[in-house]
Amino acid sequence: MASEHTLYLVATPIGHLDDIGLRAIDVLRQVDVIYAEDTRHSARLLKAHGIDTPLQALHEHNEAARAEAIAQRVLELGDAALISDAGTPLISDPGYRLVGACVSAGVRVSPVPGPSALLAALSGSGLPTDRFTYAGFAPARGAARSDWFEQMSALPHTLVMYESPHRIVDAVEQLQRCCGPERQAVIARELTKRFETFLRGGLHELLLSLLGDADQRRGEFVLVLGAAPKSDGGSSAPLSVDTLVSAIAPHLPPGKAASVVAELAKVPKREAYAKVLALRSDSDI
Ligand code: SAM
């Protein structure tokens with residue numbers, strides 16, 4: 001059964017209360033019910049814009065259990081809107097399961113676009129915007145976290161990620177470990193709010209700014225990282241063990257030459273050593 005009714009996905013401000021579209025206000029006034037992550041938080045926004053539509057809680061802890069029932073409710077009873085605490089629903093926020101349930105049930109789903117911290121940060125960053133990866137939040141700790149930074153730092157285009165205030169210093173340290181101190185990055189803090197700040201520069205420079213000023217470690221953050229530099233040998237074939245041995249063996253003692261070749265060619269040192277000795281006996285080095 002195709003629905004007459006619609007679930008609207010309505011973007012709300014990421015800081016400045018006036019950053020809400022005219023259509024968003026209209027839709028929020030007209031729907032029967034608004035599903036919100038934190039009803040008390042959203043009540044303030046709705047009050048500021050004279051919206052008195054009933055609010056119900058839909059958050060990460062009850063979404064899976066409620067998604068199908070809500071989809072049925074919209075199908076049978078009337079339009080609803082989904083909002084999150086800030087920005088665009090479903091972007092590092094709940095809603096994916098509800099939208100899935102609505103799609104399966106034949107309920108029309110319609111976005112009312114507006115603010116999102118990731119696009120605000122990217123657009124103001126000064127880094128290339130033609131291609132980017134949005135990666136959400138990094139894992140909170142351990143090997144999962146360091147592996148994640150390792151992977152992200154190899155991207156050949158801009159990376160946009162969210163980070164919490166108590167992990168922002170660690171995130172920049174992790175990136176510096178993976179990318180070196182010079183890689184360009186931007187920390188976008190408190191976007192659209194009173195203390196909105198963009199810190200732009202090399203990772204080491206950004207780290208010093210964070211460590212040197214406690215205010216720069218407060219608030220909400222988006223981290224934008226410049227692309228990994230293109231490797232200059234990327235398109236040519238890797239050098240063979242024989243080529244490396246001929247280039248290196250004449251200039252170093254055999255053991256040392258074998259270590260360098262093994263390291264560069266990623267072969268066992270034994271194999272490199274045998275080739276070094278073979279070359280010496282051939283050419284009488
Ligand atoms: N759905 C939201 C969106 O569209 O941007 C994101 C929700 S996510 C749970 C919240 C994270 O977004 C924050 O921890 C922070 O990293 C980032 N964020 C939200 N508002 C921000 C702001 N005003 N300035 C900087 N970052 C912000």
Side-chain angles (χ1 to χ4, degrees), residues 11-20 36-38 40-45 47-49 59-60 83-89 91-93 114-129 132-142 144-146 148-150 152-153 155 158-227:
T12 57
I14 57 169
H16 198 300
L17 278 189
D18 289 351
D19 289 338
I20 185 158
E37 269 190 285
D38 176 342
R40 271 176 48 193
H41 172 91
S42 293
R44 283 194 290 277
L45 172 77
K47 187 158 180 245
H49 293 287
H59 41 68
E60 58 174 326
I83 60 177
S84 59
D85 284 353
T88 300
I91 304 301
S92 296
D93 267 337
S116 189
L118 83 95
L119 290 179
L122 177 68
S123 59
S125 69
L127 291 170
T129 55
F132 66 93
T133 288
Y134 167 63
F137 289 92
R141 60 187 73 83
R145 182 166 170 87
S146 43
W148 189 96
F149 280 106
E150 201 83 57
M152 294 304 150
S153 62
L155 288 171
T158 304
L159 165 75
V160 185
M161 62 171 286
Y162 290 160
E163 191 50 283
S164 68
H166 56 280
R167 282 194 274 269
I168 187 70
V169 169
D170 179 77
V172 178
E173 281 172 349
Q174 297 257 9
L175 287 171
Q176 181 175 245
R177 172 181 63 77
C178 303
C179 313
E182 307 291 340
R183 178 85 73 87
Q184 295 301 295
V186 177
I187 299 174
R189 185 175 75 92
E190 293 289 89
L191 292 163
T192 75
K193 303 188 215 177
R194 178 154 171 233
F195 295 110
E196 176 179 282
T197 315
F198 280 90
L199 295 176
R200 302 181 179 88
L203 286 165
H204 189 64
E205 202 182 327
L206 296 185
L207 193 55
L208 293 182
S209 305
L210 288 178
L211 294 174
D213 179 356
D215 286 342
Q216 295 303 327
R217 306 195 292 270
R218 296 201 173 99
E220 296 193 283
F221 296 89
V222 184
L223 237 168
V224 189
L225 178 71

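Numbers here simply count residues along the sequence, with the first being 1. Model, not experiment: these values are computed from the prediction.
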Is the backbone N or O of [Y] less than 3.5 Å from a side-chain atom of [X], with the two atoms forming a donor-acceptor pair by type?
| X | Y | value |
| --- | --- | --- |
| Thr88 | Pro115 | yes |
| His16 | Thr192 | no |
| Arg200 | Gln184 | no |
| Thr133 | Ala135 | no |
| Glu190 | Glu220 | yes |

Between [X] and [Y], is any pair of side-chain heavy atoms under 4.5 Å apart?
| X | Y | answer |
| --- | --- | --- |
| Ile187 | Leu210 | yes |
| Leu159 | Phe149 | no |
| Val160 | Val222 | yes |
| Leu225 | Met152 | no |
| Ile91 | Tyr134 | yes |
| His59 | Asp38 | no |
| Pro181 | Leu203 | no |
| Glu37 | Asp93 | yes |

- Are any of the side-chain nitrogens in Arg145 or Glu173 under 4.0 Å away from the carboxylate oxygens of its partner?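 No salt bridge links Arg145 with Glu173.
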Query raised in the report: Does a salt bridge link Glu150 with Arg177, judged by any charged N lying under 4.0 Å from a carboxylate O?
Result: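 Looking at Arg177 together with Glu150, the answer is yes, because their closest N to O distance falls below 4.0 Å.
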Task: Identified side-chain contact (heavy atoms from CB on, under 4.5 Å) partner of Phe195 from the options Gln216, Arg189, Arg218 - done: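 The single option meeting the side-chain contact (heavy atoms from CB on, under 4.5 Å) with Phe195 is Arg189.
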Could you tell me the separation between the [atom1] atom of [X] and the [atom2] atom of [Y], rounded to the nearest 0.5 Å?
| X | Y | atom1 | atom2 | answer |
| --- | --- | --- | --- | --- |
| Gln174 | Glu163 | CD | CD | 9.5 Å |
| Leu127 | Leu122 | CG | CG | 8.0 Å |
| His41 | Ile83 | NE2 | CD1 | 8.0 Å |
| Phe198 | Ser125 | CZ | OG | 7.5 Å |
| Leu45 | Ile20 | CG | CD1 | 5.0 Å |
| Leu199 | Leu207 | CG | CG | 11.5 Å |

task: Start with the C-alpha distance between Ser164 and Phe221, add both sets of side-chain angles, then the distance that settles side chain to side chain contact (heavy atoms under 4.5 Å, CB included), and finish with yes or no.
output: CA-CA 7 Å; Ser164 68; Phe221 296 89; over 6 Å; no
Considering all heavy atoms of both residues, which atom of [X] and which atom of [Y] are nearest to each other, and what is their separation?
| X | Y | result |
| --- | --- | --- |
| Ile14 | Ala120 | CD1-CB, 4.2 Å |
| Ala48 | Leu17 | CB-CD1, 4.0 Å |
| Val224 | Ala121 | CG2-CB, 4.2 Å |
| Ser42 | Ser84 | OG-O, 4.3 Å |

Original post:
Among side-chain atoms of His204 and Glu182, is any donor-acceptor pair under 3.5 angstrom?
Top reply: no
